[in-house]
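Each remark here refers to the structure printed beneath this line.
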Amino acid sequence: MQFWIIQGLNSLSLGALLFLLASGFSLIFGLMRLANLTHGAFFMLGTYFGATALRQWSGLNIWVTALGAGIAVAALGGLFERLVLTRLKTNPLGQVLVTLGMSFIISDACLMLWGGDSIPVPTPQSLQAPTRIFGFVFPTYRLVLVACAIVVAIALYFLLERTRLGAMIRAGVDDRQMARAVGIPVSNLFTLVFCLGAGIAGAGGVLGGPILSAYPGLDADMLPLALIVVILGGIGSLLGAFVGSFIIGFIYTFGTALFPELAYIILFLPMIVVIAFRPQGLFGRVGA
Amino acid sequence: MTISRRQFVGSIAGAGVASVTAPGLARAQAGGPVRIGMLAAKTGPLASGGIDMELALVMFLKERDNTLAGRKVELIVADTAGVPATAHSKAQELVEKDDIHCLIGPLAAFEALAIADYLTEKQIPTLGVAAAEDMTQRHPSPWFVRATSTSAQCAYPLAEYSARQLGYKKIVTIADDFAYGHEMCAGFQRVFEDNGGKIIQKLFTPLATPDYGSYVAQVKNADAIFLGTAGSNGFRFLRQFIEYGLKDKMAVIGGMTALDESVLRNMGDEALGILTTSWYSAELDNAPNRAFVAAFRGQFKYDPGYYAGGTYLCGEILEGALKTINAKAEDRKALMAAIRGSNVETVRGLVKFDEFGNAIGNVYIRKVTRSDGRLVNSVIKTYPDVSQFWTYDKAAFLKEPVYSRDYPPARNLEP
């Protein structure tokens with residue numbers, strides 16, 4: 001019983017982490033049809049920013065840090081989109097390549113600035129004591145992370161479904177040309193969404209920090225996870241990213257616990273099944 | 001910047017010609033410096049160790065005014081990025097273009113294995129740092145020595161110490177799912193079980209594991225957990241282990257890289273009291289090490305660990321060997337023989353090589369304590385002159401298969 005409860009909670013917290021990672025990727029992919037391979041690097045940059053800030057100012061609150069890192073990474077993302085990606089808008093393959101190149105540049109820059117050691121992101125003092133549930137012990141921070149992901153999901157839902165900006169983004173996802181024809185400034189929208197996606201990744205990097213730590217290679221570890229979630233959940237679908245994250249969280253956690261020999265393929269298995277039977281993903285509105 | 005196709009091709013061809021002729025030129029200049037090649041992973045996930053390797057060797061040579069045994073020395077460092085194929089092409093470059101006399105490195109076993117045959121064929125004296133057992137056991141090379149340790153060599157003393165001194169009966173092991181982790185845990189298991197203990201669970205986690213929570217939650221109730229990890233993964237696992245409140249329930253012990261100085265400098269009080277084993281500690285109290293650590297800390301503001309210490313050690317052994325042969329590094333056979341016959345006091349104490357080229361030297365049981373405000377591995381027990389075969393019969397040892405995930409079989413696993 002303990003096994004199922006603890007691993008269930010583990011699944012939820014991994015799902016939360018994945019959602020913070022993948023929602024931004026999904027937003028960008030949905031609107032811009034761009035597989036942003038810099039996404040893992042943005043996430044890692046957030047983690048490094050968070051680790052540095054929290055080490056420098058010990059009284060700093062992790063939520064403020066996440067917000068700050070999110071804004072910083074969003075600004076970087078915005079610059080990248082404006083200065084580089086827009087110049088390649090007629091060349092989608094070139095765009096993907098350039099995002100890959102950018103991820104290499106960021107990871108090398110991180111190595112130069114922070115060195116090769118793993119740097120911990122401290123768990124907030126108030127959340128360090130483990131929580132007791134039915135006599136079992138579980139890290140409090142992981143539970144808070146789940147709440148955090150739900151808050152982000154709800155905020156994004158309202159942004160996309162209840163605001164004018166959200167309506168424009170949805171219009172752009174569904175039919176970019178028609179949206180342009182009715183006067184939606186799609187190009188500005190691109191920049192905005194790119195900033196938003198990068199920002200969520202940066203903030204998610206800080207929030208995931210206490211579990212992951214900042215280390216060289218974090219970007220490359222995270223990027224495939226974002227891809228898997230988005231492909232499973234469906235492109236451009238917030239609900240898809242949300243459900244996809246938690247499905248992967250559960251499959252991964254129970255998979256590695258029950259069938260440790262399959263640890264390597266367990267992440268990719270659900271994705272392959274979904275691609276085979278439902279190429280647009282569980283909640284996707286358009287084909288990939 | 002526009003380069004025409006013809007210019008581009010021309011410059012490539014030119015480079016090719018230059019690299020073909022360079023060795024001939026270099027050889028012609030007899031009496032030039034001793035050329036030491038170094039392969040270090042300075043970028044990629046192994047960069048932390050690779051950068052330390054370079055810093056330590058550069059410092060070693062600078063201290064000696066780039067002169068060993070009275071002859072100038074030139075160091076050529078190549079970055080392998082932790083990729084075997086890159087290690088291979090860089091090794092080729094060092095040998096064929098730079099015409100090195102000997103090689104130090106590389107860091108990871110898969111890199112070392114990728115270039116082992118090539119270096120043997122080219123007869124390049126190599127001082128390795130990588131730990132793969134068979135490089136000095138079932139497939140030794142006359143041109144390869146290892147002054148540090150095999151994967152399991154340092155695990156043996158800790159296994160005995162755990163069973164006899166600490167009285168542990170049941171232990172869980174966890175390591176990265178690759179040869180280094182398999183070999184270390186296998187060696188630990190063998191000695192621990194031969195001393196009456198039981199390994200009740202062996203966990204191996206993929207190198208890219210996003211979340212260790214699911215593994216931490218699987219850890220069975222035991223007296224201790226043995227960390228056979230290296231670098232950031234062990235560090236991340238340990239943090240989660242503590243977050244789940246497990247450190248209060250069972251002791252944590254670790255192999256030679258688990259709580260390396262490079263890991264410790266990023267940890268806090270949670271690391272205090274953990275026992276690990278290694279052939280080195282920055283706290284070792286011998287004259288060469290005191291001088292080395294003081295200089296290293298003065299220059300880089302942190303303690304040297306496994307990789308910095310291991311490379312400095314290679315430098316010391318190389319210096320000793322060059323002295324024996326009056327710095328005539330061109331005679332590779334003599335250089336290699338001198339290295340193998342090495343008998344110098346180093347930062348880890350006296351090191352000798354067995355007939356397979358692996359170090360016989362002290363192994364230290366260390367405890368994490370706080371000293372001058374930073375965490376250090378203070379030595380609590382010394383196992384003198386530990387061999388890669390521990391106390392087992394050499395011939396019988398070599399007849400058995402190499403350690404792996406499933407060998408020797410774990411007979412005491414709890415369901």
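Residue numbers start from 1 in every chain, and the chains themselves are labelled A, B, ... in the order their sequence lines are given, proteins ahead of strands.
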Worksheet item: Shortest non-hydrogen contact from Tyr252(A) to Pro210(B)?
Response: OH-CD, 3.4 Å
Worksheet item: Are more than 12 heavy atoms from other residues, nucleotides or ligands located less than 6.0 Å from atom CG of Asn91(A)?
Response: yes
Worksheet item: More than 12 heavy atoms of other residues, nucleotides or ligands under 6.0 Å from CD of Glu414(B): is that the case?
Response: yes
Fill in: Top contributor to chain A contacts, counting heavy-atom pairs under 4.5 Å, from Asp177(B), Ile242(B), Val263(B)
Asp177(B)
Worksheet item: Does any heavy atom of chain A fall under 4.5 Å from the side chain of Phe235(B), the backbone, both, or neither of them?
Response: side chain
Discussion item. Looking at chain A, which one of Gln218(B), Met267(B), Arg265(B) has the largest number of heavy-atom pairs inside 4.5 Å, strictly under?
Written reply: Gln218(B)
Worksheet item: Which atoms form the tightest heavy-atom contact between Ala208(B) and Asp221(A), and what is the distance?
Response: CB-OD1, 3.6 Å
Worksheet, complete the sentence: Heavy atoms of Val137(A) and Tyr244(B) approach each other most closely as CG1-O, 3.9 Å
Discussion item. Whether the Ser214(B) and Gln7(A) side chains hold a donor-acceptor pair (N or O, under 3.5 Å, no angle test) is what I'd like checked.
Written reply: no
Discussion item. Show the nearest heavy-atom pair for residues Ala217(B) and Ile6(A), with the distance to one decimal.
Written reply: CB-CG2, 3.5 Å
Practice prompt. Specify the closest pair of heavy atoms between Arg142(A) and Asp211(B), including all atoms of both residues, with the distance to one decimal.
Written response: NH2-OD1, 2.8 Å
Worksheet entry | Residue, of Thr140(A), Thr123(A), Ile119(A), that accumulates the most heavy atom pairs under 4.5 Å with chain B | Thr123(A)
Practice prompt. Below 4.5 Å from any heavy atom of chain B, which atoms of Pro224(A) appear? Answer side chain, backbone, both or neither.
Written response: neither
Response to the item:
In this structure, OH of Tyr212(B) is separated from CG of Leu14(A) (nearest 0.5 Å) by 13.0 Å
Item to complete: For residues Asn10(A) and Gln240(B), determine if any side-chain heavy atom of one lies less than 4.5 Å from a side-chain heavy atom of the other.
Response: no
Fill in: Arg87(A), CZ atom: more than 12 neighbouring heavy atoms under 6.0 Å
no
Discussion item. Would you say CZ of Phe259(A) has more than 12 non-hydrogen atoms from neighbouring residues, nucleotides or ligands within 6.0 angstrom?
Written reply: no
Worksheet item: Roughly how far, to the nearest 0.5 Å, is the CZ atom of Arg236(B) from the CD1 atom of Ile211(A)?
Response: 10.0 Å
Worksheet item: Run the side chain to side chain donor-acceptor pair (under 3.5 Å) check on Asp117(A) and Ser262(B) step by step: do they pass?
Response: CA-CA 7 Å; Asp117(A) 291 341; Ser262(B) 64; 4.6 Å; no
Fill in: Residues Tyr215(A) and Asn266(B): side-chain donor-acceptor under 3.5 angstrom
no
Response to the item:
Bottom line for Leu225(A): the part with an atom under 4.5 Å from chain B's heavy atoms is side chain
Worksheet, complete the sentence: Pair count under 4.5 Å, heavy atoms only, with chain B: among Ala129(A), Gly115(A), Pro120(A), highest is Pro120(A)
Worksheet item: Rounded to the nearest 0.5 Å, what separation is found between the OG atom of Ser232(B) and the CG atom of Leu212(A)?
Response: 10.5 Å
Worksheet item: Hey, mind stepping through Arg239(B) and Ser213(A) against side chain to side chain contact (heavy atoms under 4.5 Å, CB included) and telling me if it holds?
Response: CA-CA 9 Å; Arg239(B) 284 204 67 208; Ser213(A) 303; 3.9 Å; yes
Discussion item. Among Gly116(A), Ser118(A), Pro122(A), Ser107(A), which residue has the highest count of heavy-atom pairs closer than 4.5 Å to chain B?
Written reply: Ser118(A)
Worksheet item: Around Arg297(B), counting heavy atoms of other residues, nucleotides and ligands shown, do more than 12 lie under 6.0 Å from its CZ?
Response: yes
Fill in: NZ (Lys247(B)) with more than 12 external heavy atoms under 6.0 Å
yes
Worksheet item: Between Gly49(B), Gly213(B), Gly50(B), which residue shows the highest count of heavy-atom pairs closer than 4.5 Å to chain A?
Response: Gly213(B)
Fill in: Interchain contact, Asp52(B) with chain A, by part (heavy-atom threshold 4.5 Å)
neither
